[in-house]
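Just so it is clear, the values below take in all heavy atoms, side chains as well, and ignore hydrogens, waters and symmetry mates. Remember, it's 1-based here, ligands and their atoms both numbered in the order they're listed.
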Amino acid sequence: MEQYIIKGGNPLVGEVEISGAKNAALGILAAAIMTDDTVLIENLPDVRDINVLLEAMESIGVRVERLTRHTVLLNSADVGEVCVDYEYIKKIRASYYLIGALLGKHKMARVPLPGGCNIGSRPIDLHIKGFKALGAHVSIRNGFIIAETDHLHGSHIYLDTVSVGATINIMMAAAMADGRTIIENCAREPHVVDVANFLNSMGASIRGAGTDVIRIRGVEKLHKTEYSIIPDQIEAGTFMFAAAATKGDVMVKHVIPKHLEATTAKLLEIGCEVEEFDDAVRVVASRRLQSTNVKTLPYPGYPTDMQPQIGVTLAIAKGTSIVTESIFENRFKYLDELARMGAEARVESNTAIITGVEKLTGARMSVPDLRAGAALVIAGLAAEGETILDDIVYIQRGYEAFEEKLRGLGAEIEKVDTERELRKFRLRHG
Ligand code: UD1
């Protein structure tokens, strides 16, 4: 089983290049099956979730040609089977985007119901409500969601909760429905906008993505396109907090600074300097960080996917911080692990009260989920001594070349698979 071994204590210094946004890419790849023409997608992140989705797409007849590590050609003219295997859904929840895409294009989708996940219960009732409003019959049988209709028509849909997944899924189906659709109380995340831009580049007519009302005029056919995915704001934010927690100086390159505003605001509040450039941000932390309060919210609020990263940073900031998680109920598991490094935190319902300690000390820990895993890496880098992380497969789901990028900033971190590799790391790193 692969592990990370980290020798903490080095400030991260240098430049790092951010990859394409995983969550945008998941929606865009699924949307690409809505045309029979060939689609070229660039700036695709090379991470496990994306590679599994590409396999799921191949399994239903999509021709996938990887031109480079980050560029892929897709052709879906031969997609005949609209039934996706459970094996893929088990690995990535977001393959539920295939429902919206298949329903829009083929008026029929048969996709296994995604199960729960480590960060909390994740219902898809809003996705189903949207498909039904567009005229689909949706039933759940033998663990599958079956969505089908002879005729998909425009509709007026109000989402009770702001949901990224439901917004994207309904938008995809509506793009090829007959007539006009209005979706209200939409998610405004940058990846919702990116999927809308991608669909528009294929000939869809979607207006308002990035606001809370999206208006769609359905079209009969979508056509070929070439499209480059936006940078990953969560990967960028993770490196920004890694710089802060290790008292480093990092230029985070190939980002859209506007997408990072909530993260930047919190870094400034805790005492970092943040300099913005056209497509980069520099984070410098030269003194002990200060406590703050933070509450996760839909975009443009502070992202839930950045909650563990700020949490570990506040664990070494001066004073007491209050972190409120308002999106997912089970996102504080990393604090149990962090306690083993000497952190002082108490969780009461959806709130964590974190009192910063002078320093954390390295420990062996298990990664509970993707973002918590990245946060524990940050904790290990900032801590004194050696940290070993188990279950790093979660991190590999969403971070491309994570340990290599960190090593480029001076971190002492390696992925090891055997006791021998572990010993070699210890010899090399004293
Ligand atoms: C997406 C992101 C995930 C991020 C989350 C919130 C992807 C692949 N994943 O997940 O990384 O943490 O947005 O920014 O883009 N809800 C319902 N009913 C539904 C759908 C959602 O009640 O049908 C609730 C959820 O339980 C949650 C809230 O809505 O409390 C937001 O979830 P949602 O935005 O849908 O998250 P995902 O799209 O699953």
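- Using modelled atom types and a 3.5 Å distance limit, the side chains of Q396 and R48 yield a donor-acceptor pair.
- The parts of L126 lying near ligand 1 are both backbone and side chain, judged by heavy-atom distances below 4.0 Å.
- With ligand atoms numbered from 1 in the order given, ligand 1 contributes 37 (P), 38 (O), 39 (O) to contacts under 4.0 Å with heavy atoms of Y96.
- In terms of polar-atom proximity, defined here as any N/O pair under 3.5 Å, R93 makes no such contact with ligand 1.
- Counting heavy atoms under 4.0 Å from ligand 1, residue D305 touches it through the side chain alone.
- Remark: among candidates L159, L297, N23, the nearest residue to atom 15 (O) of ligand 1 is N23, based on non-hydrogen atoms.
- Residue contacts with ligand 1, taken as heavy atom pairs separated by less than 4.0 Å, involve R331 solely via side-chain atoms from C-beta onward.
- By the 4.0 Å heavy-atom criterion, H191 is counted among the residues contacting ligand 1.
- Residue T304 approaches ligand 1 through these ligand atoms, each under 4.0 Å from one of its heavy atoms: 6 (C), 12 (O), 14 (O).
- Listed by atom number, the atoms of ligand 1 under 4.0 Å from I124 heavy atoms are 19 (C), 23 (O).
- The shortest heavy-atom contact between R407 and I413 is NH1-O, 2.9 Å.
- Under the 3.5 Å distance criterion, with hydrogens and angles disregarded, no donor-acceptor pair is assigned to the side chains of T296 and T304.
- For the 3.5 Å distance criterion, the side chains of D194 and Y227 qualify, holding a donor opposite an acceptor.
- Pairing each heavy atom of K405 with each of E400, the nearest pair is CE-O, 3.5 Å.
- The N/O atoms of L26, backbone and side chain alike, include none that comes under 3.5 Å of an N/O atom in ligand 1.
- Under 4.0 Å from ligand 1, not a single heavy atom of D160 appears.
- Heavy-atom contacts of G165 reach the following atoms of ligand 1: 35 (O), 38 (O) (cutoff under 4.0 Å).
- Contact between P303 and ligand 1 is absent, with no heavy atom of the residue lying under 4.0 Å from the ligand.
- In this structure, the separation between CG on L126 and CG on N185 is 9.5 Å, given to the nearest 0.5 Å.
- Below 3.5 Å of separation, one finds no N or O of A94 facing any N or O of ligand 1.
- Between S19 and D232, the side chains place no donor N or O within less than 3.5 Å of an acceptor N or O (distance only, hydrogens not considered).
- Counting heavy atoms closer than 4.0 Å to ligand 1, residue K22 contributes nothing at all.
- Using a 4.0 Å heavy-atom cutoff, V162 is listed among the residues neighbouring ligand 1.
- Using bins of under 30°, 30° to 60° and over 60° for the plane-to-plane angle, the ring pair Y299/H259 lands in the perpendicular bin.
- Contact record, L44 with R66: CD2-NH2, 4.1 Å, taken as the closest heavy-atom pair.
- Between A166 and ligand 1, no N or O atom pair is found at a separation short of 3.5 Å.
- Among the atoms of T161, none of the N or O lies under 3.5 angstrom from an N or O of ligand 1.
- Residues E325 and N350 have side chains that never bring a donor and an acceptor to within less than 3.5 angstrom of each other.
- F131 and H127 have perpendicular rings, their planes meeting at more than 60° on a 0 to 90° scale where under 30° would count as parallel.
- Proximity annotation for atom 17 (C) of ligand 1: of P123, P298, S163, P123 comes nearest, heavy atoms only.
- In this structure, M306 does not count as a contact residue of ligand 1, since none of its heavy atoms falls inside 4.0 Å of the ligand.
- Contact annotation for D125 and ligand 1: heavy atoms of both the backbone and the side chain come within less than 4.0 Å of the ligand.
- Using modelled atom types and a 3.5 Å distance limit, the side chains of D46 and H70 yield no donor-acceptor pair.
- Nearest heavy atom pair, residue Y334 against residue L376, reads O-CD2, 4.0 Å.
- Under 4.0 Å from ligand 1, the heavy atoms of F328 that appear belong solely to its side chain.
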